[in-house]
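What follows is a set of notes on a single structure, which appears directly below.
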Amino acid sequence: MFELLKNDPSSRARLGRLTTTRGVIDTPTFMPVGTQGSVKALDPRELCEMGTQIILGNTYHLHIRPGLDIITAAGDLHKFINWPLPILTDSGGFQVFSLAKIRKIKAHGVEFRSHLDGSLLFLGPKEAMNIQRVLGSDIAMVFDECPPHNAPKREMRDAVERTMRWALECREQPRAAGQMVFGIAQGGSDATLREECAKALVAMDFDGYAIGGVSVGEPEPEMMKAVEYTEPFLPANKARYAMGLGTPAQMVELVARGVDMFDCVLPTRVARNGTAFTTRGTISIKAGFNKADFRPIEEGCDCYACKNFTRAYLRHLLNVGEILGLRMVSVHNSHMYLKVMKDVRAALAAGTFAEFRREFAANYVPSQKILKAREESR
C-alpha cells in the first residue's frame with residue numbers, strides 16, 4: 001500500500017508512493033478539502049488539471065446533508081460527486097472539537113445537536129465507520145476525540161484513552177471493498193501522551209497513521225512539537241498524515257519532520273477574502289496597490305488564473321462581488337499548494353531537499369500572527 005522510495009539524508013523527509021484501488025498518490029502530497037463533497041469554488045476538471053491525486057470529504061457533514069440514502073442511491077460518494085480518483089474521509093472526530101458547544105462526549109461516542117436544525121445525532125466508532133463504508137472512501141479515518149490544545153492534563157489524558165479505545169473498536173468494523181483505515185494519534189503537546197497513543201495505535205496495525213490535535217489554535221512551535229513527539233513512534237513502512245495543516249512554509253517544515261500527507265482549508269478559505277498565497281508569503285489582491293497592477297498574482301506561476309488574468313482585474317472582480325474573482329484566487333491558491341508539494345518531491349528525488357528547504361524558508365514571509373508566536377516562544 002505504501003512504498004518508501006527514498007529518505008532524505010539531511011532531515012526526516014521521505015519520498016513515497018501510496019497505492020489505493022482508485023489510483024496512486026505520490027508523497028509528500030497535499031489533499032484539497034471537499035468537506036461537503038466539493039472543494040469550494042473548484043470543479044473536478046480544474047482539480048485534475050492541477051495534479052490533484054486525492055481529495056477529502058467529511059463524515060459528519062455528508063451524513064447530515066445530503067444523507068446516506070441519497071449517496072447510496074447514487075452508488076457511492078465517488079459517483080455522487082463525479083470524482084474518479086481517491087477520496088479520504090475524515091471520521092467526524094474534528095467536529096468533537098469544533099462543535100464543542102453542541103455536543104456531549106459519552107463512553108461510546110459523541111451526541112451532537114445538528115448545527116442546522118438542532119436535531120439529535122449520535123456518532124461513535126461504529127456509526128462513523130459505517131458511514132464511511134457506505135460513502136465508499138478509499139481511506140477512512142478512525143473516530144477520535146480532538147481536545148483543545150490548552151485542555152487540562154486530566155482532560156487530555158481522558159481524550160487519549162477514549163481515542164485509543166475507540167480506535168480499537170473502529171479497527172473491528174466492516175469496511176468498503178479496498179478501503180484503508182488510518183489511526184489518529186492525539187495527546188496535544190504532551191510528549192508522554194503522544195508516545196503512548198502512537199505506540200498503542202501502531203500495535204493495532206492500521207494501514208496508515210495520522211497526527212491529530214494539531215492546528216487547533218495552538219502556537220506554531222507547539223504544533224511542530226506535537227508532530228515531533230509523535231513521528232518517531234510511527235512505522236517507516238506506513239504513510240503519515242498531519243491533519244488540517246498548514247501554510248506552505250509549515251508544510252515544507254513538516255515534510256522535513258517526516259510527514260507524508262497534508263490537508264488544509266486555507267487555500268480556498270482565504271481566497272474568498274481575496275488573499276493569495278505565493279512562494280514569498282500571502283498578498284491581498286483587494287489591496288489598493290493592485291488597482292493598476294497588470295502582472296499575474298505570481299510571476300512564473302502557470303495556473304489558469306495567472307496565465308489569463310491580472311491582479312488589477314481580479315481586484316476589480318473581488319471588490320464588486322463577482323464570483324469569478326474568488327474562483328480564480330481559489331484556483332491559484334490550490335495550484336500553489338499542489339505545486340509546492342510537487343517541487344518538494346522533485347527536490348527529494350534529486351537529493352536537493354536541504355537546499356530547497358533553506359531557500360523556501362528564506363523567501364517565505366510568514367503572517368504577523370505566526371511571527372509573533374515564534375517570538376513569544378523564544
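Owing to the predicted nature of the structure, the values given are computational and were not obtained by experimental measurement.
For Y304, the OH atom is loosely surrounded, since the number of other residues' heavy atoms within 6.0 Å does not exceed 12. Heavy atoms from other residues, nucleotides or ligands lying under 6.0 Å from CD of E299 number more than 12. Heavy-atom contacts from other residues, nucleotides or ligands closer than 6.0 Å to NZ of K6 number more than 12. Applying the 6.0 Å contact sphere to CD1 of I323 captures no more than 12 heavy atoms from other residues, nucleotides or ligands.
Under the side-chain hydrogen bond (donor to acceptor under 3.5 Å, both in side chains) rule, S137 has a single partner from Q132, R22, Q179, which is Q179. With respect to V214, the side-chain contact (heavy atoms from CB on, under 4.5 Å) criterion is satisfied by exactly one of K225, Q250, M223: M223.
For the pair V227/V259, a side-chain contact is recorded, criterion being any heavy-atom separation below 4.5 Å from C-beta on. The closest side-chain heavy-atom distance from F94 to M243 is not below 4.5 Å. Side-chain contact between S334 and M50: present, with at least one pair of heavy atoms (C-beta onward) separated by less than 4.5 Å.
Annotation: Y337 is in aromatic contact with F30 [ring centroid separation under 6.0 Å].
Judged by distance alone, the side chains of Q186 and D144 do bring a donor and an acceptor atom under 3.5 Å apart. Between the side chains of S11 and D8, at least one donor-acceptor pair of N or O atoms lies under 3.5 Å. Counted by atom type alone, Y229 and D190 present zero donor-acceptor pairs between their side chains at under 3.5 Å.
Between R175 and D207 a salt bridge is recorded (basic side-chain N to carboxylate O distance below 4.0 Å).
When all heavy atoms of L318 and V329 are compared, the closest pair comes out as CD1-CG2, 4.2 Å. Scanning all heavy atoms of the two residues, the minimum distance from W83 to C48 falls at CZ3-SG, 3.7 Å. Considering every non-hydrogen atom in both L201 and G183, the closest pair reads CD1-C, 4.3 Å. Annotation for M156 and L193: closest pair CG-CD1, 3.6 Å, computed over non-hydrogen atoms.
Remark: R194 fails to qualify as a cation-pi partner of F233 under the 6.0 Å distance and 45° angle criteria applied to the six-membered ring.
Under a hydrophobic-cluster definition in which Ile, Leu, Val, Met, Phe, Trp and Tyr are linked whenever side-chain heavy atoms come within less than 4.5 Å, directly or via other members, V134 and M141 are assigned to the same cluster.
Rounding to the nearest 0.5 angstrom, the gap separating the CZ atom in R272 from the CG atom in N333 is 11.0 Å. Atoms CE and CD, from M224 and E218 in turn, are 10.0 Å apart once rounded to the nearest 0.5 Å.
The aromatic rings of F309 and Y313 sit tilted relative to each other, their planes meeting at an angle between 30° and 60°.
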